[in-house]
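Let me begin by presenting the structure, written as C-alpha coordinates, before commenting on it.
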Amino acid sequence: PKLAIVRVGRREDDLAYERGAVKRTEKVGMDCETFEFDTDITNEEFQKEFIKINSDNDIDGILLFMPLPKHINTQEAIANFCPDKDLDGLTLGNMAALYAGTDGYAPCTAEAVIKLLEYSDIDVDGKNVTVIGRSNVIGKPVSMMLIDKNATVTVCHSHTKNLKDICQRAEILVAAILQIKYSLKNEFFPARKARFSLSLHDFGFDFTVNLCYNKSMSLRIRTEETA
(Lines give C-alpha, C1' and ligand atoms only; values in the text may rest on other atoms or scores of the structure.)
Protein backbone atom coordinates (compact mmCIF):
# COMPACT_ATOMS: atom_id res chain seq x y z
CA PRO A 1 0.00 0.00 0.00
CA LYS A 2 1.05 3.56 -0.70
CA LEU A 3 0.15 6.82 1.02
CA ALA A 4 0.27 10.17 -0.77
CA ILE A 5 0.63 13.37 1.24
CA VAL A 6 -0.49 16.49 -0.62
CA ARG A 7 0.78 19.73 0.86
CA VAL A 8 0.76 23.33 -0.37
CA GLY A 9 3.47 25.43 1.24
CA ARG A 10 5.55 24.65 4.32
CA ARG A 11 3.49 25.45 7.40
CA GLU A 12 5.27 24.14 10.47
CA ASP A 13 2.20 22.29 11.78
CA ASP A 14 1.80 20.55 8.41
CA LEU A 15 5.46 19.55 8.43
CA ALA A 16 5.14 18.15 11.95
CA TYR A 17 2.08 16.12 10.96
CA GLU A 18 3.90 14.92 7.87
CA ARG A 19 6.94 13.74 9.83
CA GLY A 20 4.71 11.68 12.09
CA ALA A 21 2.82 10.16 9.16
CA VAL A 22 6.03 9.23 7.34
CA LYS A 23 7.47 7.57 10.47
CA ARG A 24 4.35 5.50 10.98
CA THR A 25 4.07 4.37 7.38
CA GLU A 26 7.70 3.26 7.54
CA LYS A 27 7.02 1.27 10.72
CA VAL A 28 4.23 -0.73 9.07
CA GLY A 29 6.06 -1.20 5.77
CA MET A 30 4.00 1.20 3.66
CA ASP A 31 5.30 3.45 0.93
CA CYS A 32 4.78 7.19 1.37
CA GLU A 33 5.25 9.99 -1.14
CA THR A 34 4.87 13.71 -0.50
CA PHE A 35 3.56 15.98 -3.23
CA GLU A 36 4.63 19.50 -2.25
CA PHE A 37 3.39 22.56 -4.14
CA ASP A 38 4.44 26.18 -3.81
CA THR A 39 1.92 28.56 -2.29
CA ASP A 40 1.82 30.57 -5.52
CA ILE A 41 0.51 27.64 -7.57
CA THR A 42 -2.67 28.64 -9.41
CA ASN A 43 -5.98 26.99 -8.64
CA GLU A 44 -6.13 25.50 -12.13
CA GLU A 45 -2.64 24.02 -11.85
CA PHE A 46 -3.30 22.58 -8.41
CA GLN A 47 -6.59 20.96 -9.43
CA LYS A 48 -4.93 19.32 -12.46
CA GLU A 49 -2.12 17.94 -10.31
CA PHE A 50 -4.53 16.74 -7.63
CA ILE A 51 -6.63 14.89 -10.22
CA LYS A 52 -3.45 13.17 -11.45
CA ILE A 53 -2.61 12.05 -7.91
CA ASN A 54 -6.14 10.70 -7.42
CA SER A 55 -5.96 8.83 -10.71
CA ASP A 56 -2.67 7.10 -9.86
CA ASN A 57 -3.51 3.43 -9.35
CA ASP A 58 -0.37 2.94 -7.27
CA ILE A 59 -1.71 5.30 -4.59
CA ASP A 60 -4.13 3.75 -2.09
CA GLY A 61 -4.74 6.65 0.28
CA ILE A 62 -4.33 10.43 0.24
CA LEU A 63 -3.89 12.98 3.02
CA LEU A 64 -4.77 16.44 1.72
CA PHE A 65 -3.43 18.98 4.20
CA MET A 66 -5.86 21.72 5.16
CA PRO A 67 -6.39 24.59 5.04
CA LEU A 68 -5.43 25.23 1.45
CA PRO A 69 -4.36 28.76 0.46
CA LYS A 70 -7.34 31.08 -0.02
CA HIS A 71 -6.89 31.32 -3.78
CA ILE A 72 -7.27 27.55 -4.17
CA ASN A 73 -10.85 26.32 -4.35
CA THR A 74 -11.13 23.83 -1.48
CA GLN A 75 -14.57 22.57 -2.49
CA GLU A 76 -13.34 21.91 -6.03
CA ALA A 77 -10.43 19.91 -4.62
CA ILE A 78 -12.78 17.89 -2.42
CA ALA A 79 -15.03 17.26 -5.42
CA ASN A 80 -11.98 15.90 -7.27
CA PHE A 81 -11.11 13.64 -4.34
CA CYS A 82 -11.63 9.90 -4.77
CA PRO A 83 -13.72 8.87 -1.70
CA ASP A 84 -11.94 5.50 -1.44
CA LYS A 85 -8.61 7.33 -1.05
CA ASP A 86 -9.92 10.05 1.29
CA LEU A 87 -8.26 9.20 4.61
CA ASP A 88 -9.51 12.28 6.47
CA GLY A 89 -13.18 11.88 5.57
CA LEU A 90 -13.35 15.19 3.69
CA THR A 91 -15.48 14.11 0.73
CA LEU A 92 -19.23 14.51 0.74
CA GLY A 93 -19.67 10.78 0.26
CA ASN A 94 -17.69 9.97 3.39
CA MET A 95 -19.43 12.71 5.37
CA ALA A 96 -22.85 11.43 4.28
CA ALA A 97 -21.88 7.88 5.22
CA LEU A 98 -20.70 9.08 8.63
CA TYR A 99 -23.92 11.00 9.30
CA ALA A 100 -26.05 8.10 8.05
CA GLY A 101 -24.17 5.66 10.27
CA THR A 102 -23.03 3.55 7.31
CA ASP A 103 -19.59 2.59 6.04
CA GLY A 104 -17.23 5.47 5.35
CA TYR A 105 -13.99 7.03 6.54
CA ALA A 106 -14.25 9.16 9.67
CA PRO A 107 -11.63 11.86 10.29
CA CYS A 108 -8.81 10.27 12.28
CA THR A 109 -8.89 12.71 15.22
CA ALA A 110 -12.65 12.32 15.67
CA GLU A 111 -12.32 8.55 15.56
CA ALA A 112 -9.45 8.72 18.08
CA VAL A 113 -11.77 10.45 20.56
CA ILE A 114 -14.30 7.63 20.24
CA LYS A 115 -11.60 4.97 20.55
CA LEU A 116 -10.24 6.63 23.70
CA LEU A 117 -13.67 6.61 25.30
CA GLU A 118 -14.10 2.94 24.39
CA TYR A 119 -10.62 2.06 25.63
CA SER A 120 -11.36 3.78 28.94
CA ASP A 121 -14.66 1.90 29.31
CA ILE A 122 -16.67 5.13 29.31
CA ASP A 123 -20.21 4.36 28.14
CA VAL A 124 -21.77 7.38 26.39
CA ASP A 125 -25.23 5.81 26.02
CA GLY A 126 -27.76 8.29 27.44
CA LYS A 127 -25.05 10.66 28.69
CA ASN A 128 -25.16 14.43 28.27
CA VAL A 129 -22.10 15.17 26.13
CA THR A 130 -20.89 18.67 25.27
CA VAL A 131 -18.63 19.07 22.24
CA ILE A 132 -16.77 22.37 21.87
CA GLY A 133 -15.94 22.96 18.24
CA ARG A 134 -17.83 22.56 14.97
CA SER A 135 -15.09 21.92 12.41
CA ASN A 136 -15.57 19.33 9.68
CA VAL A 137 -12.44 17.55 10.92
CA ILE A 138 -13.31 17.08 14.61
CA GLY A 139 -16.35 18.84 16.06
CA LYS A 140 -19.08 17.88 13.59
CA PRO A 141 -17.99 14.29 12.94
CA VAL A 142 -17.33 13.42 16.58
CA SER A 143 -20.78 14.83 17.44
CA MET A 144 -22.42 12.54 14.89
CA MET A 145 -20.38 9.56 16.08
CA LEU A 146 -21.48 10.23 19.66
CA ILE A 147 -25.12 10.55 18.60
CA ASP A 148 -24.76 7.21 16.81
CA LYS A 149 -23.79 5.78 20.21
CA ASN A 150 -26.98 7.20 21.76
CA ALA A 151 -25.39 10.15 23.53
CA THR A 152 -27.32 13.38 23.96
CA VAL A 153 -25.02 15.92 22.35
CA THR A 154 -24.73 19.70 22.73
CA VAL A 155 -22.39 21.43 20.27
CA CYS A 156 -20.74 24.70 21.34
CA HIS A 157 -18.59 27.12 19.37
CA SER A 158 -17.17 30.64 19.34
CA HIS A 159 -20.65 32.23 19.37
CA THR A 160 -22.01 30.11 22.23
CA LYS A 161 -23.18 32.10 25.25
CA ASN A 162 -22.66 30.89 28.83
CA LEU A 163 -20.07 28.35 27.67
CA LYS A 164 -18.77 27.78 31.20
CA ASP A 165 -22.23 26.87 32.53
CA ILE A 166 -22.89 24.49 29.63
CA CYS A 167 -19.54 22.76 30.15
CA GLN A 168 -20.11 22.31 33.86
CA ARG A 169 -23.48 20.65 33.26
CA ALA A 170 -21.97 18.08 30.90
CA GLU A 171 -21.38 14.50 31.99
CA ILE A 172 -18.76 14.17 29.27
CA LEU A 173 -16.91 17.12 27.77
CA VAL A 174 -15.03 16.94 24.48
CA ALA A 175 -13.13 20.10 23.59
CA ALA A 176 -11.43 20.24 20.20
CA ILE A 177 -10.33 23.83 19.67
CA LEU A 178 -7.34 25.80 18.49
CA GLN A 179 -5.03 26.55 21.40
CA ILE A 180 -4.15 29.88 19.81
CA LYS A 181 -7.73 31.14 19.81
CA TYR A 182 -9.24 29.59 22.92
CA SER A 183 -8.21 28.52 26.38
CA LEU A 184 -10.31 26.35 28.68
CA LYS A 185 -9.70 26.97 32.36
CA ASN A 186 -10.11 24.30 35.02
CA GLU A 187 -13.44 25.72 36.16
CA PHE A 188 -14.92 24.87 32.76
CA PHE A 189 -14.59 21.18 33.48
CA PRO A 190 -17.33 19.29 35.33
CA ALA A 191 -16.77 18.79 39.05
CA ARG A 192 -15.79 15.59 40.87
CA LYS A 193 -13.09 14.50 38.52
CA ALA A 194 -9.76 12.75 38.67
CA ARG A 195 -7.27 13.35 35.89
CA PHE A 196 -4.51 11.65 34.03
CA SER A 197 -2.66 12.74 30.93
CA LEU A 198 -2.06 11.05 27.61
CA SER A 199 -0.18 12.29 24.56
CA LEU A 200 -1.08 11.58 20.96
CA HIS A 201 1.73 12.46 18.59
CA ASP A 202 -0.01 11.85 15.28
CA PHE A 203 -1.82 15.08 14.67
CA GLY A 204 0.75 17.90 14.69
CA PHE A 205 0.70 20.48 17.48
CA ASP A 206 -2.12 22.86 16.55
CA PHE A 207 -4.94 21.11 18.36
CA THR A 208 -5.57 20.19 21.94
CA VAL A 209 -8.33 17.65 22.47
CA ASN A 210 -9.64 17.44 26.03
CA LEU A 211 -12.00 14.76 27.23
CA CYS A 212 -13.50 15.09 30.68
CA TYR A 213 -15.74 12.56 32.43
CA ASN A 214 -17.15 13.83 35.68
CA LYS A 215 -18.01 10.56 37.38
CA SER A 216 -14.66 8.87 37.37
CA MET A 217 -11.95 10.46 35.29
CA SER A 218 -10.85 13.15 32.93
CA LEU A 219 -8.82 12.41 29.84
CA ARG A 220 -6.68 15.29 28.73
CA ILE A 221 -5.12 14.63 25.36
CA ARG A 222 -2.59 17.06 23.98
CA THR A 223 -1.46 16.77 20.39
CA GLU A 224 2.06 18.01 19.91
CA GLU A 225 5.12 17.73 17.76
CA THR A 226 7.68 15.12 18.72
CA ALA A 227 11.34 14.89 17.79
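Lys140 is linked by a salt bridge (Lys or Arg N to Asp or Glu O under 4.0 Å) to nothing, counting only residues two or more places apart in sequence or in another chain. Under the salt bridge (Lys or Arg N to Asp or Glu O under 4.0 Å) criterion, Lys27 pairs with no residue, sequence neighbours left out. Residues satisfying the side-chain hydrogen bond (donor to acceptor under 3.5 Å, both in side chains) test with Thr42, not counting sequence neighbours, are Glu45.
The aromatic rings of His159 and His157 lie tilted to each other, with the angle between the two planes from 30° to 60°.
If you take CG on Leu146 and CG on Leu117, they are separated by 6.5 Å, rounding to the nearest 0.5 Å. We find the OG1-CG distance between Thr39 and Leu68 to be 12.0 Å, quoted to the nearest 0.5 Å. Rounding to the nearest 0.5 Å places CD1 of Ile114 at 6.5 Å from NZ of Lys149. Rounded to the nearest 0.5 Å, atoms CD (Glu49) and CZ (Phe37) are 5.0 Å apart. To the nearest 0.5 angstrom, Asn128 atom CG is 12.0 Å from Leu173 atom CG.
A donor-acceptor contact shorter than 3.5 Å links the side chain of Ser135 to the backbone of Ile138.
Between Thr154 and Ile166 the shortest side-chain heavy-atom distance falls below 4.5 Å. Counting heavy atoms from C-beta on, the side chains of Leu64 and Phe50 come closer than 4.5 Å. The shortest distance between side-chain heavy atoms of Val129 and Thr152 does not fall below 4.5 Å. In this structure the side chain of Glu18 never reaches within 4.5 angstrom of the side chain of Asp14, judged on heavy atoms. Residues Asn73 and Phe46 have side chains not in contact (no heavy-atom distance under 4.5 Å, counting atoms from C-beta outward). Residues Ser158 and Arg134 meet the side-chain proximity criterion, which asks for heavy atoms closer than 4.5 Å. Side-chain contact check for Thr130 versus Cys156: some heavy-atom pair is nearer than 4.5 Å. Taking 4.5 Å as the limit, some side-chain heavy atom of Ile62 sits within range of a side-chain heavy atom of Val6.
Residues Asp125 and Asp123 approach most closely at N-OD1, 3.1 Å, considering heavy atoms. Between Gly139 and Val131 the shortest heavy-atom distance is O-CG1, 3.9 Å. Heavy-atom minimum distance, Gly126 versus Glu171: O-OE1, 4.2 Å.
Val8 and Ile53 fall within a single hydrophobic cluster, where Ile, Leu, Val, Met, Phe, Trp and Tyr are joined by side-chain heavy atoms under 4.5 Å apart, directly or via other members. Criterion: ILVMFWY side-chain heavy atoms under 4.5 Å apart, direct or through other members. Under it, Ile41 and Met66 are part of a common hydrophobic cluster. Linking Ile, Leu, Val, Met, Phe, Trp and Tyr residues whenever their side-chain heavy atoms come within less than 4.5 Å places Met145 and Val155 in a single cluster. Val22 and Phe35 fall into different hydrophobic clusters, where Ile, Leu, Val, Met, Phe, Trp and Tyr are joined by side-chain heavy atoms under 4.5 Å apart, directly or via other members.
Tested against Pro1 for a side-chain contact (heavy atoms from CB on, under 4.5 Å), the candidates Thr25, Val28, Asp60 yield a single pass: Asp60.
Annotation: Glu118, atom CD; neighbour count of heavy atoms from other residues, nucleotides and ligands within 6.0 Å is above 12.
For residues 28-41, the salt bridge (Lys or Arg N to Asp or Glu O under 4.0 Å) pairs, not counting sequence neighbours, are Lys2-Glu33, Arg7-Glu36, Arg10-Glu36. Applying the ring pair (Phe, Tyr, Trp, His ring centres under 6.0 Å) test to every pair with at least one member in residues 124-149, sequence neighbours left out, gives no pairs at all.
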Run Tyr17 and Ile5 through side-chain contact (heavy atoms from CB on, under 4.5 Å) and show every step you take. CA-CA 10 Å; Tyr17 189 114; Ile5 294 174; over 6 Å; no

Side-chain atoms of residues 77-90: list all donor-acceptor pairs with protein atoms under 3.5 Å, sequence neighbours left out, distances to 0.1 Å.
| residue | atom | partner | partner atom | Å |
| --- | --- | --- | --- | --- |
| Asn80 | ND2 | Gln47 | OE1 | 3.1 |
| Asn80 | ND2 | Glu76 | O | 3.2 |
| Lys85 | NZ | Asn54 | O | 2.8 |
| Lys85 | NZ | Asp56 | O | 2.8 |
| Lys85 | NZ | Ile59 | O | 3.1 |
| Asp86 | OD1 | Asp88 | N | 3.4 |
| Asp86 | OD1 | Gly89 | N | 3.1 |
| Asp86 | OD1 | Leu90 | N | 3.1 |
| Asp86 | OD2 | Leu90 | N | 2.7 |
| Asp86 | OD2 | Thr91 | N | 2.8 |
| Asp86 | OD2 | Thr91 | OG1 | 2.9 |
| Asp86 | OD2 | Asn94 | ND2 | 3.0 |

